[in-house]
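Reading through the C-alpha cells given below for one structure.
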Amino acid sequence: MMKHLLSMDQLSSADIVTILDTAESLRSVTDRPIKKLPTLRGRTVCNLFYEASTRTRISFELAAKRLSADVINFSADSKSSVAKGESFKDTAWTLEAMGVDAIIVRHGSSGAPHQLSQWVKASVLNAGDGQHEHPTQALLDLYSMREHFKDLEGLKVAIVGDVLHSRVARSNVKGLVTMGADVILIGPPTLIPPQAATWGARIGYDLDEVLEEIDVCYLLRVQKERQSEQLFPSLREYAALWGLDSRRLARMKPEVLVMHPGPMNRGVEIGADVSESPRSIILDQVANGLAVRMSLLYLMLGGRSEDGEVFE
Amino acid sequence: MSRYLLRGGRVIDPASGVDERRDLLIEEGVVASTGATLDEAGAEVIDVAGAVVAPGLVDLHTHVREPGREDEETIASASAAAAAGGYTAICTMPNTDPIADSAAIVEKVWALGREAGLVEVVAAGALSKGQRGEKMADIGEMVRSVARVRLFTDDGHGVQNSLFARRVMEYLVTFDAIYAEHCEDEALAAGGMMHEGERSMALGMRGIPSEAEELMAARDIALAKLTGCRLHLLHISTAGTAEIVRRARAEGVRVTAEATPHHFSLTDAELESYDPNAKVNPPLRTEEDRAAIVGALADGTIDAIATDHAPHALEEKDVEFQYAPPGMVGLETSLALTLTELVHPGHISLTRAIELLSVGPSRILGLPQGGPLTSGDPAHVVVFDPDGEWTVDPARLRSLCKNTPFVGRKLRGRVLHTFFAGRLTVRDGVVLAGELV
C-alpha cells in the first residue's frame, strides 16, 4: 500500500478493491461486544484539523482507536499554537518531533496535505483539502454503492450540484471513473465548468432529463454563500431546478440510491422526505466511513499481519 | 580609471549591426576603440575568446523592496544580483512601502542606486497615489526630479477605472512618458491563485482566466489610440494578449510589450507540486500560451524580456500555497533561461536575444545601455559564455531572497564579466561590490 493518501489519482481499481474488501472484513469488528483490534497498538495517529469537521474527525478518531492506536487531536483553533502564529510547517515538525506515525489532515488550502507529505516522515492522509480532494469520502461512497450494486462498472451515477467548489465531487469522479462507472455531472455551468469533461464524466444541465436512467443520485451540499457570489439567482430557484424532491424521486428507478456527503441543507439540494426515504443511504455512508478509514489505517500503518490472525 | 582590452570575443552589437570577432578597448568609461586586433597599449588584457561581448542588459521590471522591506531586498542587493546577471540597468517598480508616488521617494531610490554604483537604477513612478487607481500621483514632479522618471505604473494592480486610465494617459502625453500596465481585471481574477483551466479545475484552485489580462490589454490599446500616449504592457502571458499586441502594432499604435523568462520557460504543469515558488502573477499559463509567447518574442511583437524579479522572504513563501504571495526572483537566471530555452533550441538567434534583453528595453527607457558599442559610446558591456553550464543553487544567488522554481535546474549560459560605464562590476562571475566607489 502507498505511504500517503493524498488523492484518488494514486489508486488503481485493484487498490480500491483491496481497500473496500479490507473494510468489509473489518466491518465485523464493529458488531462485536469488544470493538477493538490490537493491530496498531503502540502507533500514534494525529488528527490535524485546520477546518471544522464533525463526522470526518470523529470517524478517523474512532477508526484509529478501534485499531488500538493512540490518538491525538489537534484543532487549529483559537486555543492552539496556530492562533499564536505558528506556521503550518512548524506545526508539522512539532508533531513529527513527538513521533507520530500518521497525520490525518484537513485544511482549507488545496494541496496542503501534499506539502505536508514532503515535510514529515509520517504517513499523511488527506481528510479534505480546500476544493481539491476528499479521498476517504470517495472511498466510503464507493463502499456504500458496492453494498447495493455488486459491480460498479457501468453503474450510472449522477453527481448533482456545486462540482466547482467540491472536493467530494473531485474525489468521487476520479474513483468512479477508475472503477468503470458512468458519471454524469448535473448542475448549472456556473457550478460545473466545461473543463470537468476532461475527468471522463459527462456534463448535463437538466436533472429531469437523467432521472429515469441513473442508479445513484449523489447530491452535493449547496453552500449558502454561493448565492451571494451570483452563481445562481436564489436557493429557491436552485431547489426548483436541481433539488431532489419526492416528485423527482418517484420518477427514478425503484432501486435508485440517494446519497449525500453531509451536512445536508434540507429543502435545498434534498427534500426532507427524500433524505428520510428508504432510498436514502446517507446514514449508511457515515457508518461505512468508519470501516473504510479503519481499512486505510490498517493497510497503510499496520500492513498485513504475518500470521493472518488480525481478523480472527 | 582602469583600461581594459577585451581580447578575441564575439561582439554582438545589434544597434550597429555588428556580429563578428573583434577586440574592444574600454577606457575612461567609454569604448575607446574596436578592431580585429588592438594593441594592448598598457591596458589590462582580458581574454574573452569563445565568449559573447554584448551591450549591458536592461531589466524593465525589478521589484526591489527598499524602502519598506529591506530584509527581502535592498537597492544594493538588487544591484549586485542584477550585475551578476549581466545587467547594467534596472527599472525599479514603485510598489514599495511607502509607494513611489512622489518625487521624494523616487529621488531616494535613485540616490541609493547611485550609492550602490553597480547598475543604473531607473525608478519607475506610480500612476496613482498609493497605487489605488483613484488620484494621480505627482507625475510631473517625478518627471522633473533628479530621478527623471519616464515610466509610470501601478504594477501589482491594473488600473480598474477606465476613465482614470484615460485621464492619466492624456496627462502623460505632456512628458511623452510611458503608461505601463499590469493587465488584470480584478473582478474576473478575484481569488485566483493560478491559471484558470483544466489544471486549476483538477487541483481545486481558483483560477485567473486569460481574459482577465486580455480585456485590459485591449482596453488600454484602445485608450492609447484615443490619447496618443505611449503604452507598455508589462509581463504579458497569454496567446490572446500576444495577438492583441501584434494587431495593434500592425495598426501603428504606440504600444510595446515585455514577457518574463518564467512565462516562456514554464507552464501551469509546475503547479501540480503545489510549490509556492511557482505561484506568480500573471500566473504560469498553458503550453499553448507559452509557445505563443515564444513566437511573439521571435517575431518582434514583444520588445523586451523583463524579469519581474520579486523577492519574498522564506517565511512568506514556505506556507500553504493559498497563503503565499505571488512572485519569484529572476535577475540572475534571465540570461541563462533566454539562452537555454530560446537560443539553444533555435527559437531565436543570439542577436535577437540581445535585442530582447538589452536593445529593446533600453530604447523603451531611453538609456544608452543598449549600444551601439562603437568608439566613444558608454561602455555598458556584458561578456558571457553562451554554453557555460551551471546549476541554479540558492546559496549562490546574490539576491537576499531565493524564491525561484528554477532551483536545481541545469542552465546553459553564464555571465563572465559585466562593465557598468567602463567599470568592472562582475569579474569571472564574482560581483566586485567591495572595490567600488
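The chains referred to below are lettered A, B, ... by the order of the sequence lines, with proteins before strands, and numbering in each begins at 1.
- For a heavy-atom cut-off of 4.5 Å, chain B lies close to A:Val163, A:Leu164, A:Arg170, A:Lys174 in residues 162-187 of chain A.
- When atom types are taken as modelled, the side chain of A:Ser109 and the backbone of B:Glu320 share no donor-acceptor pair closer than 3.5 angstrom.
- Taking the ring centroids of B:Tyr274 and A:His132, they lie under the 6.0 Å cut-off.
- Residue-environment remark: CZ (B:Arg396) stays at or below the threshold of 12 foreign heavy atoms within 6.0 Å.
- Closest approach of B:Gly204 and A:Ser110 over heavy atoms only: O-OG, 2.6 Å.
- Nearest heavy-atom pair, B:Ser273 versus A:His114, reported as atom, atom and distance to 0.1 Å: O-CD2, 3.6 Å.
- Within the 3.5 Å criterion, the main-chain N or O of B:Val319 finds a donor-acceptor partner in the side chain of A:Gln115.
- The side-chain heavy atoms of A:Trp199 and B:Met201, taken from C-beta on, include a pair separated by under 4.5 Å.
- For A:Lys3, the NZ atom sits in a packed shell: over 12 heavy atoms of surrounding residues, nucleotides or ligands are nearer than 6.0 Å.
- For A:Ser87, no part lies near chain B; criterion is any non-hydrogen pair under 4.5 Å.
- Most heavy-atom pairs under 4.5 Å with chain B, from the set A:Ser7, A:Pro193, A:Gly130, A:Ala112: that is A:Pro193.
- Residue B:Glu272 touches chain A through its backbone alone, counting heavy-atom pairs closer than 4.5 Å.
- Pairs of residues two or more places apart, or lying in two chains, never qualify as salt bridge (Lys or Arg N to Asp or Glu O under 4.0 Å) while including a residue from residues 183-192 of chain B.
- Annotation: B:Glu288, atom CD; neighbour count of heavy atoms from other residues, nucleotides and ligands within 6.0 Å does not exceed 12.
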